[in-house]
Asker: 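What follows is a single structure, and I will ask about it in a moment.
All values below were derived from every heavy atom in this structure, side-chain atoms included, with hydrogens, water molecules and symmetry-related copies excluded. The chains referred to below are lettered A, B, ... by the order of the sequence lines, with proteins before strands, and numbering in each begins at 1.
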Number of protein chains: 2
Amino acid sequence: MTENIEEMLTRKDINPTAMRLLVLDFLLKQSSAISLTDLEKGLDPSDRITLYRALKKFEEKGLVHSIDDGSGATKYALCENDCEAGHHHDLHVHFFCNTCRETSCLPKHHIPQITLPDGFKTEEVNLIVKGVCNKCVQ
Amino acid sequence: MTENIEEMLTRKDINPTAMRLLVLDFLLKQSSAISLTDLEKGLDPSDRITLYRALKKFEEKGLVHSIDDGSGATKYALCENDCEAGHHHDLHVHFFCNTCRETSCLPKHHIPQITLPDGFKTEEVNLIVKGVCNKCVQ
DNA sequence: AATAGTTTGCAATACCATTGCGCTATAGTT
DNA sequence: AACTATAGCGCAATGGTATTGCAAACTATT
């Protein structure tokens with residue numbers, strides 16, 4: 001099990017330190033994207049900055065992607081397998097529930113092509129749908 | 001001229017105070033969305049909080065909409081005429097230039113319909129395209 | 001074991017958003 | 001015109017998030 005997690009890190013060219021194993025393990029257990037504060041609470045007592053840097057490293061190496069859902073805190077979620085360091089190509093839609101404030105990836109929903117006016121060059125697209133998720137709707 | 005600005009406010013049910021006239025006048029002169037800090041610099045010396053509340057009021061009354069472009073600071077831009085208090089329906093795409101860091105509305109580009117999985121209810125959609133704008137591209 | 005490089009934890013900093021509160025200005029009433 | 005109620009303003013203060021510097025701890029390599 002731990003073997004597996006460790007391998008996930010090494011495969012992404014990330015030194016599998018104790019901290020990072022913990023963080024990845026925690027990420028694997030999440031059903032939605034989590035913020036740094038969530039992570040800090042979940043791994044208490046841990047240094048927030050260290051967790052921050054672990055996430056940054058993961059992001060840089062293509063293991064997680066960050067999501068700005070407008071809640072004020074950046075959230076992080078594991079990438080699909082096919083992400084590479086530097087270049088994320090998990091351009092899927094993210095959903096933010098206004099009720100439970102959870103953010104989840106909708107990997108099935110790709111972001112539609114947007115054709116911009118002449119002279120504009122697209123480098124990245126961010127699509128956040130906000131509303132009520134299936135757990136909160138009655 | 002000032003008459004005109006004043007009317008814009010009263011039509012939106014906003015008391016046309018001196019401060020608010022200044023803020024709206026400044027907004028009208030912008031070619032892209034501006035942050036609170038931009039506004040503060042442009043109207044120096046003015047109290048940041050007062051400007052903040054002016055923007056909030058404008059937003060609440062459907063005169064401007066706010067944009068979270070991921071830069072960390074919320075930006076504001078005037079709405080198209082057809083916005084109502086409370087319910088903004090200017091669901092257009094916003095473009096953030098990674099070079100000049102300016103955010104502009106692309107009102108011609110409507111956000112495509114996203115069909116979510118069963119049980120999800122959409123209330124709002126946010127689409128930010130990031131890249132290089134026509135002024136910065138060579 | 002010594003060394004070089006990496007990681008960690010603490011401290012500190014910089015923004016941004018937001019609220020409380022007292023003073024002032026304005027509008028509405030008598 | 002005087003009074004009162006309401007709205008707006010400016011200052012102070014708070015809370016949250018992101019980010020960097022630095023020194024100690026740790027890891028891997030020779």
Side-chain angles (χ1 to χ4, degrees), chain A residues 2 5-6 9-10 12-26 33-61 63-77 85 96 101 103 126 128, chain B residues 2 5-6 9-10 12-26 33-61 63-77 85 96 101 103 126 128:
Chain A
T2 304
I5 298 182
E6 193 169 332
L9 288 175
T10 51
K12 291 287 186 181
D13 191 31
I14 301 168
N15 268 353
T17 67
M19 231 29 253
R20 290 172 180 166
L21 289 171
L22 273 179
V23 171
L24 177 51
D25 181 61
F26 188 79
I34 62 163
S35 67
L36 178 56
T37 302
D38 295 336
L39 180 64
E40 193 185 6
K41 282 177 188 155
L43 292 184
D44 187 64
S46 294
D47 182 62
R48 183 181 180 86
I49 315 303
T50 301
L51 299 174
Y52 169 74
R53 284 193 266 229
L55 289 174
K56 280 292 181 196
K57 171 69 78 174
F58 287 5
E59 187 185 12
E60 173 199 335
K61 296 294 188 177
L63 185 59
V64 309
H65 59 279
S66 62
I67 308 148
D68 181 357
D69 60 11
S71 70
T74 306
K75 298 200 178 149
Y76 300 86
F96 177 75
R101 303 187 64 77
T103 298
N126 232 308
I128 307 281
Chain B
T2 304
I5 298 182
E6 193 170 332
L9 289 174
T10 50
K12 291 288 185 180
D13 191 31
I14 302 168
N15 267 354
T17 67
M19 233 27 257
R20 290 171 181 167
L21 289 171
L22 274 179
V23 171
L24 177 52
D25 181 60
F26 188 80
I34 63 164
S35 67
L36 178 56
T37 302
D38 295 336
L39 181 63
E40 193 185 5
K41 283 177 188 157
L43 293 184
D44 187 63
S46 294
D47 183 60
R48 182 182 181 85
I49 313 303
T50 301
L51 299 174
Y52 169 75
R53 283 192 264 229
L55 289 174
K56 280 292 181 195
K57 171 67 77 174
F58 287 4
E59 187 185 13
E60 172 198 335
K61 296 295 188 177
L63 184 58
V64 308
H65 59 279
S66 61
I67 308 148
D68 181 357
D69 60 11
S71 69
T74 306
K75 297 198 178 151
Y76 300 85
F96 177 76
R101 304 187 64 76
T103 299
N126 235 306
I128 308 278

Asker: If you compare all heavy atoms of B:Leu51 against all heavy atoms of B:Ser46, which two are closest, and at what distance to 0.1 Å?
Answerer: CD1-CB, 3.9 Å

Asker: Can you see which heavy atom on A:Tyr52 is nearest to which on A:Leu36, and at what distance?
Answerer: N-CD1, 3.6 Å

Asker: Considering only C:dA17, C:dG9, D:dT19, which nucleotide approaches the side chain of A:Lys56 most closely?
Answerer: D:dT19

Asker: Closer to the 5' end of DNA chain D via nearest nucleotide, is it A:Thr37 or A:Arg53?
Answerer: A:Thr37

Asker: We want to know whether A:Asp69 and A:Ser71 form a side-chain donor-acceptor pair, criterion being a heavy-atom distance below 3.5 angstrom.
Answerer: yes

Asker: Distance check: side-chain N/O of A:Thr17 vs OP1/OP2 of C:dT7, anything under 4.0 Å?
Answerer: no

Asker: Looking only at side-chain atoms of B:Thr74, point me to the closest of D:dC11, C:dT7, C:dA17.
Answerer: C:dA17

Asker: For A:Arg20 and D:dT27, what is the distance between atoms CZ and P respectively, to the nearest whole Å?
Answerer: 12 Å

Asker: According to a strict under-4.0 Å criterion, is A:Arg48 in side-chain N/O contact with OP1 or OP2 of C:dG9?
Answerer: no

Asker: 5'-most contact on DNA chain C: A:Ile14 or B:Leu36, nearest heavy atom basis?
Answerer: A:Ile14

Asker: If only atom types and distance count, is the side chain of A:Arg20 paired as donor or acceptor with the main-chain N or O of A:Asn15 below 3.5 Å?
Answerer: yes

Asker: Once you round it to whole Å, what is the distance between C1' of D:dA13 and CG of B:Asp47?
Answerer: 13 Å

Asker: Check every atom of C:dT18, C:dT8, D:dG8 against the side chain of B:Tyr52 and return the nucleotide holding the closest atom.
Answerer: C:dT18

Asker: Given C:dT6, D:dG10, C:dC16, which nucleotide is nearest the side-chain atoms of A:Asn15?
Answerer: C:dT6

Asker: In terms of side-chain heavy atoms of A:Ile49, which of C:dC16, D:dT17, C:dA12 is nearest?
Answerer: C:dA12

